[in-house]
Structures are given as C-alpha cells and as structure tokens.
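A quick write-up on the structure given underneath.
Below, chain A is the first sequence line, B the second, and so on; all start at residue 1.
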2 protein chains.
Amino acid sequence: MATLKDIAKEAGVSIMTVSNVINGKYSKVSSKTITLIQELVKKYNYVPNLSARSLSMKSSKLIAVFINTYEVKQNLFKDPYISELFGELESLIRQYGYYAIIRSIETIENVSTILQNWNVDGAIFISQQTEEEMNQILKNSKCPIVFIDSYNKTNPKAIMVGVDDYKGGYIATKYLISNGHTNIAFAGCYSETNAIVSHRYQGYRKALKESGIPYNEKNLINTFTRYEDGVNIGRDIANRKYNISAVFAAADLFALGLIEGARINGCVVPNDLSVIGFDNLDLCSLVTPKLTTVSQNVKKKAESAVNLLLNAIKELPIPSQSITLDVQLEVRQTVQKLSN
Amino acid sequence: MATLKDIAKEAGVSIMTVSNVINGKYSKVSSKTITLIQELVKKYNYVPNLSARSLSMKSSKLIAVFINTYEVKQNLFKDPYISELFGELESLIRQYGYYAIIRSIETIENVSTILQNWNVDGAIFISQQTEEEMNQILKNSKCPIVFIDSYNKTNPKAIMVGVDDYKGGYIATKYLISNGHTNIAFAGCYSETNAIVSHRYQGYRKALKESGIPYNEKNLINTFTRYEDGVNIGRDIANRKYNISAVFAAADLFALGLIEGARINGCVVPNDLSVIGFDNLDLCSLVTPKLTTVSQNVKKKAESAVNLLLNAIKELPIPSQSITLDVQLEVRQTVQKLSN
DNA sequence: TTGTACGCGTTATCAT
DNA sequence: ATGATAACGCGTACAA
C-alpha cells in the first residue's frame, strides 16, 4: 500500500533517494539516510509495484510458460512427464528471482499477445511445436524463447532443449535384438510433424539395419499414445494381428496400456511379449511387471532450459543454441530373452 | 509495440477515442471512427499494455496460485493429485479471462509481498494451510483468497473448498467392517496441524465405534505418506508388527507403497491383507491389484474454487463461504471378504 | 462524438 | 549526496 512517495514524504527526502536505496544504489546516498529509509521501508511494509516498474523499465521479470492444449478442456497436467517438467521449471524460475506466468494455448496466435501484454522477459514452450509454428512464434515475438522437445534445423533464433530421441530408439531396439528378438514393432504417433517420434523411429530403423534384420512395414504401429490406445493395441497384439515378439513403444503410459490390453486377452508380458517404453515415469516402477524404458533426466532438462533462457535474456553469450541431453536404458522386467 | 498514442496519431483522433474503441465502449464513438480504428489496431497488431492498465486501474486480472514447498527443491508437481488440480485451475482461470501466476512458497511471508507486487486480484492456495497460517495470510492481504484442502472454523474471511474427509474415513472403514474386518489400522500423517488427516481419522473412529469394535491405539500408524514410507510400513505389517487384517491409508501413493512392501515380504494383497487408499489417482487402476480407494472430484473442486474466487473478486454474493464436496468409495481389488 | 488534463508508481536523466 | 522533471501506457473525469 505504501509507495515511494509516502516513504519520501515521511523521510523528508525526494522520491529518487528512496528509489535508490530500494534498489541498492548506495553509492549515491549517505549512510544516514540509507538507514533511515530502510527503517521506514520496514515500518510501512513497503513493496515495490512491479507493474509500475515494468512500465518504466520495459521489462517485467516475468517468464511465460506455454503448453499446448490440442483438445479444449483436456488437462495436460495429468501427464506425469509434463507436470514434473513444469514443477522443475517453476522452482528454477522462482529461485532466479523471476515470476512464472503459466498459460495453456489452443492456437499460437495468443502467444505474442501475451508476451506483449505483460512485457514478458522470456518464454518457455514445454510441449512440442512444429518447425512452422516455431518460426511464426519467433517472427512475432521479440523476447527470447526456449522450446523444449521441439526440432528446428533452419531458424537460428530458435533456442532448443531436448533429448537424444534417435539414440533412445536405437538403444531400446538394440537391447531387444540382443535378447534374441527379430520381429520388433515400433508403436507411436508417427507423422511428418511429430519430430520426436520420427527420431525415435529412425533410431529403431538404424538398430534393425545394423543387425541385418529386414524391415517390415507392418511393424510400424501408428497410433495415438494415450493409455487407452495402448489397451487397444495390446488387444490386437494378443489377437495375433501382428507377427511380433517385442514392441518398442514411444511413451510409457501407452506401453502400460498395451501391457494391460495384452494381458486381458491372454498375452502375458514379458513371457509372451517384450515391451520397452519411453520417458521413465515414476509410475514405471510402481506397476507389475516394472516397465523397462528409456529414461531422460527431466531435472537437467529444466535446468538447461532456464539457463539458456536467462542467458539469452541477459544477452550473455549462449554456450550453444540447442542442447540435446543424453538418454539411457532402464532395464526392469518387461523384456524377456528369447531362447529359440 | 504500438501504443494507443500511435494509433491515435495515425487515425487523427485523440487517445481516448482509441481507448474507448479498444474497450468496446462504442456508444461514445461514431461508427465510422470505430471501423477506422479497428483497422489500424489490426494493421499495427496493437495489444494493450497490461502493466499500464494494471497501474491505472489498480487491478491486474492476475490470479496467484500458491503451493507450499516444505523441503526446498522438492518437486510438488510430481504429486499427481496436485498437478491435476493445478491443471484444472489453470484452464479455468484462462477461460475466465484471467492470467495465472504460479508460485511455490517456502514461508508464508512471501505471499503478501507477491500479492502487492503485482496488484493480484485474487489468490488460491492448493496445499493445506494451518489455521494460524491462514489467519496470518488473510490479515496481511486485501484481495480475496481461496484455500483448498484447509480447515478454518474461526476466520470469517477464509473462503474454503475441500472434500468430506470425515465421510471418506467413515465409508472406507465401514466397507472394511462390512467385509468382516475388525482389526483395522489407520495409517497417515496424523498430527494436530494436519486437519485433513485428523478428519479422516475421526471418520475411521466413528465407523469402528458404530460397529462396536473396540479401538486399539496400536492400530494408529502415524507416518509420512510418501511411496517409500508405504514400503516401510508394508514390510512391518508383513513382519507381524501389527495384528491387523486391513489398513485404511490416507493417501493412494502411500497405499501402493504399502502393498509393495508387504508383497516383498510375503504378505499378498488382498489375500493376506486388505487395503483402501484415498484420492483415486489415475494410477490406482493401472497397478495390480487395482486399488480400492476413496475418490474425490478434482475437476469440481477446481471449479468450485475458481467460482468462489471470481465472485469474491467481483464482490458478488458468495453462495457460501466454504464448500465441502462429496466423496465416494471406488471398489476395486484390494479388499477381500474375511470368511472366518 | 471527441479532446484535455491528470494520476497511477516507478525509473532515468540531468541538475544542483 | 540529493532533487526536479519527464517518461512509460492507460483510464477516469470532465470539458468542449
């Protein structure tokens, strides 16, 4: 409630002197007035009005976090990966003295509006954007933006943080092969615009090729990857729709659904079918059997994103425009060695 | 980038005319200038500066969402219940034309500062606060605040949304009794300051009493309720530390840990032990056996909270100061009928 | 229907 | 070391 003006009047000094003390510019103020003002600040519980500061400075200490909501009213925070990532980001943003403004978006039109509305200092996208979307967003915005889990080879303004999806697909498939599997399906939401899944798929293909296993296009199971979709695919597998002994699934939750769908229809994992997921959700070690999966370091992902963004905001040199984090295989209980 | 002034100059009218058009006050402007200005708004991609508006109006369209972080650096969004609730809140806040600013807090000192900093219009606490904390927060803040999952009988300024924890404890215990169980443990983080768990415990006691089952204080298992804590308690149970045939656990994740800990030590649920959880996380139906639990309607909780808050912000009459939502039992696979 | 003057709380610049 | 003034972009109140 108290303003600089109030404090200044009470102290018998000018507004600027108070402002300088508040902002720690002590070199311009005598130590006597400093202590006087500091006492008054405490007495009146003075708190700076950040709207006013933002207006004057043309910068707000706000960081916007955007998340796509493809279907209206869908709760994206039910996705454990998304919510964990968001939690890490919020924590870091706070620790660095910024404020997080969160926004789910249906179309990217809204993005630049929000950014301008609030003089946002920087933004982070936590769900995948297509190259085209990224370009449009970047064109209409002037603050630095970090994209998590997106791919963009052409736009030099795009700052990106992701994981080595290609390697993920590769090591998962390789592991299945090393366990004697040759009929291995890839299940995921495969499309031109889904770069993440495409990269995982390419890794899968590479592993097959390297081992001289001929590729069978029937083994590309193109599907949405919610839990329920997994149940459906699992049923199909149990019903011999595919001639496979193993599946590499592009998402954990989907993999769990698949296991359940197969089980219901008499196909038991890992005895009758081996499965590997992707993400390493906590959930993976809570279910039975525990899911073998490709893990990524979410905390590190968030740290990388915030560090890149803050450096860009402060116009410090960025070590690199994009960071690709490593992945590794978490071996648990859903892959069985084939003994024939 | 463009301001009212820019548009006004280009249109050859005053700033106020533009402002009126922007804010839809068409009654004060000729239709000719309206269309002219609307064209210019599009042409220059004019977006109002909300910092300036907030400064001038003393209100910001910002709603702060607070969440406690007891241990520094703990990621609270890994809790599926918290993240789902938050997702619903964010979605509603957006749909009602407000902006969500999210903040994890270590001490409640920070709360009123943030509220003042940004001229926040209203706030929501999504984790439990003690009565004392609530009172202090309310004393230092002037905007409406909704507390989710908190109890406060004395402060008339406190707006609250919660579930019927008492009933939850009651129906869970009652169900166990109706299945022939008489040695039933209550496991949770029981303390004076944890009103939620206290209420669930009181419901548990009521059910026992009603059925004439003598209360055994050894059956109150007071523990933190993370997954790992559940594993420890489950091991104890398997090792006959308690003389019980069933457990009502105050949190799902904890219940799952308990089941796992028991299993590892040779005590199989539901054959050797019956378990009921609380919250009905999605997770409950993904694990084996599927967890019987007390469910609450998270979506409705969020809607209630946002509705109460928005009414309070607009100084509309609030139907009631606090809303208690119903709970119900989700019968699944972790309770077995005792046949002796 | 349109325009003017002023205030919101802060910071930067330039004097003193 | 301290202060006066203008500026940030917008809305309210009142005047024309």
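- Here the P atom of nucleotide D:dG3 and the CE atom of A:M16 are 11 Å apart, to the nearest Å.
- Taking only side-chain nitrogens and oxygens, A:K25 never comes nearer than 4.0 Å to OP1 or OP2 of D:dA1.
- Note on B:M57: only backbone sugar-phosphate atoms sit closer than 4.0 angstrom, heavy atoms only; bases stay farther off.
- Contact between the side-chain N/O atoms of A:N49 and the OP1/OP2 oxygens of C:dC8 is not found at any separation under 4.0 Å.
- Atom NZ in B:K58 sits roughly 13 Å away from atom P in D:dT12 (whole-Å rounding).
- The CD atom of B:E303 sits 10.5 Å away from atom CD1 of B:I323, with the distance rounded to the nearest 0.5 Å.
- With hydrogens and angles ignored, the 3.5 Å screen pairs a side-chain donor or acceptor of B:S83 with a backbone N or O of B:P80.
- Residue pairs meeting the salt bridge (charged side-chain N to carboxylate O under 4.0 Å, His left out) criterion with at least one partner in residues 33-45 of chain A, sequence neighbours excluded, are A:E10-A:K43.
- Using a 4.0 Å heavy-atom cutoff across all strands shown, A:N23 reaches sugar-phosphate atoms only and no base atom.
- Between A:E106 and B:R94 a salt bridge is recorded (basic side-chain N to carboxylate O distance below 4.0 Å).
- Residue contacts shown for B:S31 are absent, as no nucleic acid heavy atom lies under 4.0 Å away.
- Counting any heavy atom pair closer than 4.0 Å across all strands shown, B:I15 reaches no nucleic acid atom.
- No contact: B:S54 has no heavy atom under 4.0 Å from any strand.
- Among the atoms of the strands shown, none is found under 4.0 Å from any heavy atom of B:K32.
- Nucleic acid contact for A:Y46: sugar-phosphate only, since backbone atoms but no base atoms lie under 4.0 Å from a heavy atom of the residue.
- Between B:S56 and A:A2, the residue whose closest nucleotide on DNA chain C is further toward the 5' end is B:S56.
- An OP1 or OP2 oxygen of C:dG7 is reached within less than 4.0 angstrom by no side-chain nitrogen or oxygen of A:K5.
- The side chain of B:T17 lies closest to C:dG3 when the candidates are C:dG9, C:dA12, C:dG3.
- Contact annotation: A:S30 reaches the phosphate of D:dT2 (side-chain N/O to OP1 or OP2, under 4.0 Å).
- With B:Y99 as the aromatic partner, B:K61 does not meet the cation-pi criteria of under 6.0 angstrom to the ring centre and within 45 degrees of the ring axis.
- Distance, B:N20 CG to C:dT2 C1': 9 Å, rounded to whole Å.
- Counting non-hydrogen atoms under 4.0 angstrom, B:T33 reaches the backbone sugars and phosphates but no base.
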